[in-house]
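Notes to accompany the following structure.
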2 protein chains.
Amino acid sequence: MATSLHAHVVEHLGSRIISGQIPRGSIILAADLEQKLQVSRSVIREAIRVLAQCGLVNSTKRVGIRVLGAESWNPYDDHVIRWRLASDQKGAQLRSLTELRISVEPMAAELAAEFAPEAMRKELMMLSAQMNHYGRQGDLRRFLELDIRFHAVVLAASGNEMFANLSTPIGAILRGRTELGLMPERPHEEALLWHQSVADAISNSDAASARKNMESIMRRTHNEICSLWDGAPRLFVNPAKSSQ
Amino acid sequence: MATSLHAHVVEHLGSRIISGQIPRGSIILAADLEQKLQVSRSVIREAIRVLAQCGLVNSTKRVGIRVLGAESWNPYDDHVIRWRLASDQKGAQLRSLTELRISVEPMAAELAAEFAPEAMRKELMMLSAQMNHYGRQGDLRRFLELDIRFHAVVLAASGNEMFANLSTPIGAILRGRTELGLMPERPHEEALLWHQSVADAISNSDAASARKNMESIMRRTHNEICSLWDGAPRLFVNPAKSSQ
DNA sequence: TGACACCAATCTGTGCAGGCATAAAAATAA
DNA sequence: TTATTTTTATGCCTGCACAGATTGGTGTCA
């Protein structure tokens, strides 16, 4: 995936910082990196710039590149999410994302019912029909892809780009759930009905029903998945001092 | 604010792209930028790398630096949010952020009631008391800062770092609301009570009450502010094709 | 002797200039 | 149409000068 050199360096350092192999407070010297990774300064510097934007490092003169702690990481950065999911913080990352989607998706459904363009309403009807079909057949592989698409379309149909942007990590959650065998061997009948009802409600511009049924989906999804992060510690960040 | 040279270039290009002065699809050549901005290649390259991570540009060989459209921008990036708030998309940005906070804050309050560390529960009690005091006095300036801090602490106390990270842009919303004179000349009595109730509920680990009262705050806040984006078009992003 | 202010040495990121390699578009030939 | 060559802008590398922060030493005064 990492085709360019600097992307490779970003990947190398980022994954190590987030996994804890390079502990917070460490000081890295650009010159050392050049030698260790056998790349030129320009590559190192571009990579450091990217990592700095992710909140992973903080380079200052005369001291070097300081590795920052988890409270500085940008939790919405795609890199950061991916690296955390691949580390032993996987549980905590899944929990954060799930709490976020539980909060957001009912509102997204409500907004979609009000604002979605016609094409998306139609696609949702089609998707829920297919989910019914393949779900009852027990074709989990295909059901999963449809499910991911369904939620992505609802988020996009809300017309809120911040919601829409959550579809990738939410897709990752759904994939992770089936990979870990947390899905029943065939989808629950209720779940199928709720998805159908969400699609119907959005199609009929029934915002209240869209929200209510999406809330039902979220409740069940939470129950199915929350065992994943039993005992993972919560991360309490210091609230940012309000600065004019 | 932009101390280093490359940050200056990021600021220059980023603000222009988001404001539309540099339209989507434009092709920028690094060599031209060097000359126009009178900086060296390394500065340009680092800046471009940062902008690429924001989703604003996409540099490819032989063609140059392509300016991307709004659907590619990372809506959670601090730069992007700031630039959009300073552009004529201010309304749409405020709406997206408000819809997000309306979705998230009730859940944050609920989680805070369950998990918040003692110090944060105490701070919330103190903050709501001070809000009562200065609010009844009509000291809007001080009330605003307390209000911002209150919501930041609730988000942080949820123990969800994705929630906590929203406190900065939410603070920006609250500031914008008072700057634009959308606040009553002294806070509504109900609003003061709801904040007090949220603090009490979190303090007493009463999750349901914390959520309920926060929902009330959100409903009112929405009513007060939604006139800001009357008629601003919603942004429907193409849902990402689910790729393994 | 000891505390403190000030200055110089040093170290490291930042920025500059220019070179070669390479990939992808465009133009040309088959 | 298809294959090949040419063009051209980014990717990558290197040597050099500068800026700013830390450190340590120096001198002054109590």
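Here is the naming used below: chain letters follow the sequence lines, and residue numbers restart at 1 for every chain.
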- Message: Under the rule for side-chain contact (heavy atoms from CB on, under 4.5 Å), what residues qualify as partners of A/Met126, not counting sequence neighbours?
- Response: A/Gln130
- Task: Tell me what A/Leu29 touches on the nucleic acid: a base, only sugar-phosphate, or nothing, going by heavy atoms under 4.0 Å.
- Result: sugar-phosphate
- Nearest-angstrom distance from the residue atom CD of B/Glu34 to P of C/dG19: 13 Å
- Message: Per the ring pair (Phe, Tyr, Trp, His ring centres under 6.0 Å) rule, what does the pair list look like for residues 49-77 of chain B, sequence neighbours excluded?
- Response: A/Tyr76-B/Tyr76
- Taking only residues two or more places apart in sequence, or in another chain, which ones meet A/His195 in a ring pair (Phe, Tyr, Trp, His ring centres under 6.0 Å)? A/Phe150, A/His151
- For the pair made of CG in B/Leu33 and P in C/dA17, what is the distance, rounded to whole Å? 15 Å
- Strand-adjacent residues in residues 37-47 of chain B, judged by heavy atoms under 4.0 Å from DNA chain D: B/Arg41, B/Arg45
- Query: Which of residues 50-66 of chain B sit near DNA chain D, with a heavy atom under 4.0 Å from it?
  - Reply: B/Ser59, B/Thr60, B/Lys61, B/Arg62, B/Gly64
- May I ask you to verify if any side-chain N or O of B/His6 is less than 4.0 angstrom from the OP1 or OP2 atom of C/dT14? no
- Message: Tell me whether A/Asn74 contacts the main-chain N or O of A/Gly55 through its side chain, where contact means a donor paired with an acceptor under 3.5 Å.
- Response: no
- Note on the structure: Sorted by number, residues from residues 21-28 of chain B placing a heavy atom under 4.0 Å from DNA chain C are none
- Item | Lys/Arg N to Asp/Glu carboxylate O, B/Arg16 vs B/Glu11, below 4.0 Å | no
- Item | Closest listed nucleotide, where the reference is the side chain of B/Arg49 and the choices are D/dG11, C/dG15, D/dC12 | D/dG11
- Task: Using side-chain contact (heavy atoms from CB on, under 4.5 Å) as the criterion, list what pairs up with A/Ala30, not counting sequence neighbours.
- Result: A/Ile44, A/Ile65
- Please collect all salt bridge (charged side-chain N to carboxylate O under 4.0 Å, His left out) contacts where either partner lies in residues 49-69 of chain B, sequence neighbours excluded, each pair once. A/Glu46-B/Arg49
- Message: Going by the rule ring pair (Phe, Tyr, Trp, His ring centres under 6.0 Å), which residues pair with A/Phe143 if we only count those two or more places apart in sequence or in a different chain?
- Response: none
- Message: What is the separation between atom CD1 on A/Ile48 and atom C1' on C/dG13, rounded to the nearest whole Å?
- Response: 11 Å
- Message: A/Arg24: which residues meet the salt bridge (charged side-chain N to carboxylate O under 4.0 Å, His left out) condition with it, sequence neighbours left out?
- Response: A/Glu71
- Give every residue pair that meets the salt bridge (charged side-chain N to carboxylate O under 4.0 Å, His left out) criterion with at least one member in residues 84-100 of chain B, sequence neighbours excluded. A/Glu161-B/Arg84, B/Glu99-B/Arg234
- Which pairs pass salt bridge (charged side-chain N to carboxylate O under 4.0 Å, His left out) with one or both residues in residues 30-41 of chain B, sequence neighbours excluded? B/Glu34-B/Arg41
